[in-house]
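Side-chain atoms are counted along with the backbone in the values below, which use heavy atoms only and exclude waters and symmetry mates.
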Number of protein chains: 2
Amino acid sequence: MSKGLDYETLNENVKKVQYAVRGELYLRASELQKEGKKIIFTNVGNPHALGQKPLTFPRQVVALCQAPFLLDDPNVGLVFPADVIARARHYLSLTSGGLGAYSDSRGLPGIRKEVAEFIERRDGYPSDPELIYLTDGASKGVMQMLNTIIRGGNDGDIIVFSSIPRFTLAPFAFQILVPVPQYPLYSATISLYGGSLIPYYLEETANWGLDINNLRQSISLARSRDITVRAMVIINPGNPTGQCLSEANLQEILKFCYHEKLVLLADEVYQQNVYQDERLFISARKVLLAMGSPFNKEVQLVSFHTVSKGYWGECGQRGGYFEMTNIPPQTVDEIYKVASISLSPNVPGQIFMGLMVNPPKPGDISYLKFDLESKAILESLKKRAHIMTNGFNSCRNVVCNFTEGAMYSFPQIRLPQKAIEAAKTAGKVPDVFYCLKLLEATGISTVPGSGFGQKDGVFHLRTTILPAEEDMPAIMESFKKFNDRFMEQYEDSRGYSRM
Amino acid sequence: MSKGLDYETLNENVKKVQYAVRGELYLRASELQKEGKKIIFTNVGNPHALGQKPLTFPRQVVALCQAPFLLDDPNVGLVFPADVIARARHYLSLTSGGLGAYSDSRGLPGIRKEVAEFIERRDGYPSDPELIYLTDGASKGVMQMLNTIIRGGNDGDIIVFSSIPRFTLAPFAFQILVPVPQYPLYSATISLYGGSLIPYYLEETANWGLDINNLRQSISLARSRDITVRAMVIINPGNPTGQCLSEANLQEILKFCYHEKLVLLADEVYQQNVYQDERLFISARKVLLAMGSPFNKEVQLVSFHTVSKGYWGECGQRGGYFEMTNIPPQTVDEIYKVASISLSPNVPGQIFMGLMVNPPKPGDISYLKFDLESKAILESLKKRAHIMTNGFNSCRNVVCNFTEGAMYSFPQIRLPQKAIEAAKTAGKVPDVFYCLKLLEATGISTVPGSGFGQKDGVFHLRTTILPAEEDMPAIMESFKKFNDRFMEQYEDSRGYSRM
């Protein structure tokens, strides 16, 4: 008889989880790093790890909140500006017990109010702090919401999508519609909680646009197999695909959710990261409320945000929130109850969230510096998005849409038939094979497209646009050198992977 | 047809969760507070919320890590001592990207090494940093471990313990042995993940000792119903019961786990909080490794610790770790994979964990102050434990074991028959009825014993020993006044609840 934590006896859903962002490529990269090789980690959107400096103002405020005794130190004014001191006092006044005390499990009421005010300014419609819950980063919020929605396996028949084997991880009846390619938080969490994922494909040739017909097809297929579809995920701006959804597209999606009675989970963590002026970020909530009756009172929407992304990039602080629209009070109470089990999100992360939605204003002592730092980061991200897209498009058999938003580039790699066969011989998925070779040759640690999902026989990789601007040309040159040599090595008369 | 987040369609396991620490009493207390009533929140072990000041040294270090640009400020030495500056540099050198970067999903390797060194000093046996994972507080670690162990409901028969209705929340076949009374993190999480809980009763008359015969009875009962028991939980020092387990008792438990092939989950978050010299804290791991073959190589053990408890009480920072002993490498990898989904625990909380296991040493500039602050808190907790126990024992129909460790008092309240009937009329569990009356009369917010589990017809409440020492006499007087009046009001010739 085996023991409780022997592999054979573990929760099967745990074993089924796949999480490529820190998967085989990341593990190999970590090994190489230990062996002394210089690794450029572009596998995770982790800006500070690649040298981005933190914004001064929020760090000053949180540092002071951590050391409240400094507020009584006569020298405090020598190291902290007056508006920082005032803001630290403000946040401490919102807590009872400072950063060392658990807050309410939904987060500090005063910060939830600041978030509601931000949402109102952004969307033009009031927001209710009681429907905003602070979380340890957006991922934890997404996980809690999926755990609330996904019912255990006892409730329905076993379904296997034989045509899309990557997404048949957990063959049960209550299902979530997820874009493909997608950020694997969704596929992994859905597996973990015993749900399963219905993919809808984004159109690479239409700059990763969402074609509502693809959605309809996915749901029809699910229905024909007696699957109850309960929720839909959008990631806007897209990860890994970088597109910004248009208002018209969001309207179509919301109407679709209305007719199909789906909860819309809107992952909007990249809302600050937009690199073109043609299509700005617009929130699902703003579009919904503008659509009027019956949609604005009916469609269930949960929107996620975080301090990890944007130009702040404060990933390690783990701050985030979700806002619920049209969710029944009894459900809101259940979500509160489950949040209570782990007591409270970390309080410093909550304060970062407050600062992000309520930054220094023109006229504040710290405003100019804050504004300069902010613009410098965003401008540089924009430049890097261009350098990267252009770099990829200059490579043999590589084609890449422009990164309109978010912080990733997702080039398609047309692999020669011979490379596909070599991968097969090596027991690797072809894009994993390519990315491993890239890693060994250049130290660039990417994530293979298969980790996000892609159409059969089509291959990609995801890289962040986060390496330092001054390093970018050399990185792209190193990539090009590797890629073009790889192509030479494997090209022959038998053609390429599909486009 | 209902929508995805309508109450009827939610994950049934979510609905079954009960979490009394922030349940009806807490919600009512929050309402009263909003109405302007002064509430003494003793429902959660949240020391800073009740006025405990943070220790200066760790806060200085983390504040500097948050504001690393201060390290270049010529005035930094005016507000931070040199050893703080050195320690901040040390922790920043362990990260790549500072507090704003995601760490490895297991936590920063350098801090896991500090934790391993602490464990080795504490237990006298080496500890492997690769088997230590940092978490956002201990609760998150416990939840991850239970999610790994509990298999979905498809795996076995439906079992209902009709004699212990409180713990029939999730009637499936893979089960966790949990002490009763217990901290509801366990019951709530086991419900959430669709497992169920097998209670073993602690003996109130033996100062909440663990009688191995009770364990044997519980497991026999489970076996006779074809239940596969896979893990056992101990909380040492006890929550809510405050007892410290003896070495002999731990040996019995470990032998039991060996013979029954159970994983032992050792919740040791109160290891710093011990208020008597007769029985000091001893870790399950130390006892296990001292037992020699075959136990030391066979028993699977996961031990939990946190920065929230101890005398640090840094609850809001959400720092913790778990250490795995005798867990197979393949399982360790699975646990890593699942941890990766939420990217990393918060980095400031990791640094608090590092500081807690590696505090200032004699000779360091900050040592004297740190030592004074630490002793003052521990001494005061000890005094408060005495004031509280004595206070409860001076009340009519109240009997209370001494708080040997942890931060709670768990008096038994012998309720008059007439009070039990009044509770029934009001539609309340008797101890909930009592605690609500206490709250309304005095503002003292406690948790009814039924939230932790207790023998049928026996009633308790849990309070923390955390109100400020100077407030304690008045609080106990206010409690006594309420209790004795309550007893007068409800006593008649028909007797009391059982003991």
With a 4.5 Å heavy-atom cut-off, do B:Leu343 and A:Ser139 have their side chains touching? yes
From A:Lys337 atom NZ to B:Lys16 atom NZ, the distance as rounded to the nearest 0.5 Å: 11.0 Å
Provide the closest heavy-atom pair for A:Thr331 versus B:Asp6 in the form atom of the first, atom of the second, distance. OG1-C, 3.8 Å
As an exercise: rank A:Ser96, A:Ala67, A:Gly313 by heavy-atom pairs under 4.5 Å with chain B and give me the winner. A:Ser96
Toward chain B, the part of A:Ser105 with a non-hydrogen atom under 4.5 Å: both
At a 4.5 Å cut-off on heavy atoms, which part of A:Leu99 comes close to chain B: side chain, backbone, both, or neither? both
Does the B:Arg59 side chain pair with the main chain of A:Phe69, one donor and one acceptor, at a distance under 3.5 Å? no
Check each atom of A:Leu10 against the heavy atoms of chain B and say whether the ones under 4.5 Å are side chain, backbone, both or neither. both
Toward chain B, the part of A:Lys140 with a non-hydrogen atom under 4.5 Å: side chain
Winner by heavy-atom pair count (cut-off under 4.5 Å) against chain A, out of B:Gln330, B:Lys53, B:Gln350, B:Met324: B:Gln330
Please classify the contact between A:Ser342 and chain B as side chain, backbone, both or neither, with a heavy-atom cut-off of under 4.5 Å. both
Under 4.5 Å to a heavy atom of chain B? For A:Pro345 that would be backbone
Can you say whether A:Cys65 sits under 4.5 Å from chain B via the side chain, the backbone, both, or neither, judging by heavy atoms? backbone
Are B:Glu298 and A:Lys3 packed together at the side-chain level, in the sense that at least one heavy-atom pair is separated by less than 4.5 angstrom? yes
Relative to chain B, which segment of A:Val332 carries a heavy atom at a distance below 4.5 Å: side chain, backbone, both, or neither? neither
Choice from B:Gly51, B:Pro328, B:Cys315, B:Gly98 maximising heavy atom contacts with chain A below 4.5 Å: B:Cys315
For the interface with chain A, which of B:Leu262, B:Thr189, B:Val347, B:Leu64 has the highest count of heavy-atom pairs at distances below 4.5 Å? B:Val347
Main-chain N/O of B:Ser344 paired to A:Arg318 side chain as donor or acceptor, under 3.5 Å: yes
Given a strict heavy-atom distance threshold of 4.5 Å, which part of A:Phe41 is in contact with chain B: side chain, backbone, both, or neither? neither
With a 4.5 angstrom heavy-atom cut-off, could you sort out which part of A:Gln144 is near chain B: side chain, backbone, both or neither? neither
Proximal component of A:Leu27, with respect to chain B [non-hydrogen, under 4.5 Å]: side chain
Could you tell me which non-hydrogen atom of A:Val62 sits nearest to which non-hydrogen atom of B:Gln66, and how far apart they are? CG1-NE2, 3.7 Å
Can you confirm whether A:Gln317 sits close enough to B:Tyr102 that some side-chain heavy atom of one is under 4.5 Å from a side-chain heavy atom of the other? no
When every non-hydrogen atom of A:Asn46 is compared with those of B:Gly100, the smallest separation belongs to OD1-O, 4.3 Å
Let me know if B:Val302 has heavy atoms under 4.5 Å from chain A in its side chain, its backbone, both or neither. side chain
Atom NZ of residue position B:Lys15 - does it have more than 12 heavy atoms of other residues, nucleotides or ligands inside 6.0 Å? yes
At a 4.5 Å cut-off on heavy atoms, which part of B:Ile327 comes close to chain A: side chain, backbone, both, or neither? side chain
Greatest number of heavy atom pairs closer than 4.5 Å to chain B - which of A:Ser2, A:Ala101, A:Ser30, A:Cys257: A:Ala101
Pairs of heavy atoms under 4.5 Å with chain A: top-ranked of B:Asn75, B:Thr9, B:Val79: B:Thr9
By a 4.5 Å heavy-atom criterion (distance strictly below it), what part of A:Met145 contacts chain B: side chain, backbone, both, or neither? side chain
Engaged part of A:Asp104 at the chain B interface, taking heavy atoms whose separation is under 4.5 Å: both
Single hit among B:Asn147, B:Asn13, B:Asn11 for side chain to side chain contact (heavy atoms under 4.5 Å, CB included) with A:Tyr193: B:Asn147
Side chain of B:Gln300, backbone of A:Leu5: donor and acceptor closer than 3.5 Å? yes
Measure distances from A:Ala49 to the heavy atoms of chain B and classify the residue's part below 4.5 Å as side chain, backbone, both or neither. both
Please identify, among B:Asp136, B:Val263, B:Ile341, B:Leu192, the residue contributing the most non-hydrogen atom pairs under 4.5 Å to chain A. B:Ile341
Are A:Leu70 and B:Phe80 close enough that some pair of their side-chain heavy atoms sits under 4.5 Å apart? yes
Most chain B-contacting option - heavy-atom pairs closer than 4.5 Å, from A:Ser340, A:Gly349, A:Pro58: A:Ser340
Closest non-hydrogen atoms of A:Val14 and B:Thr148, given as atom of the first, atom of the second and distance, are CG2-CA, 4.0 Å
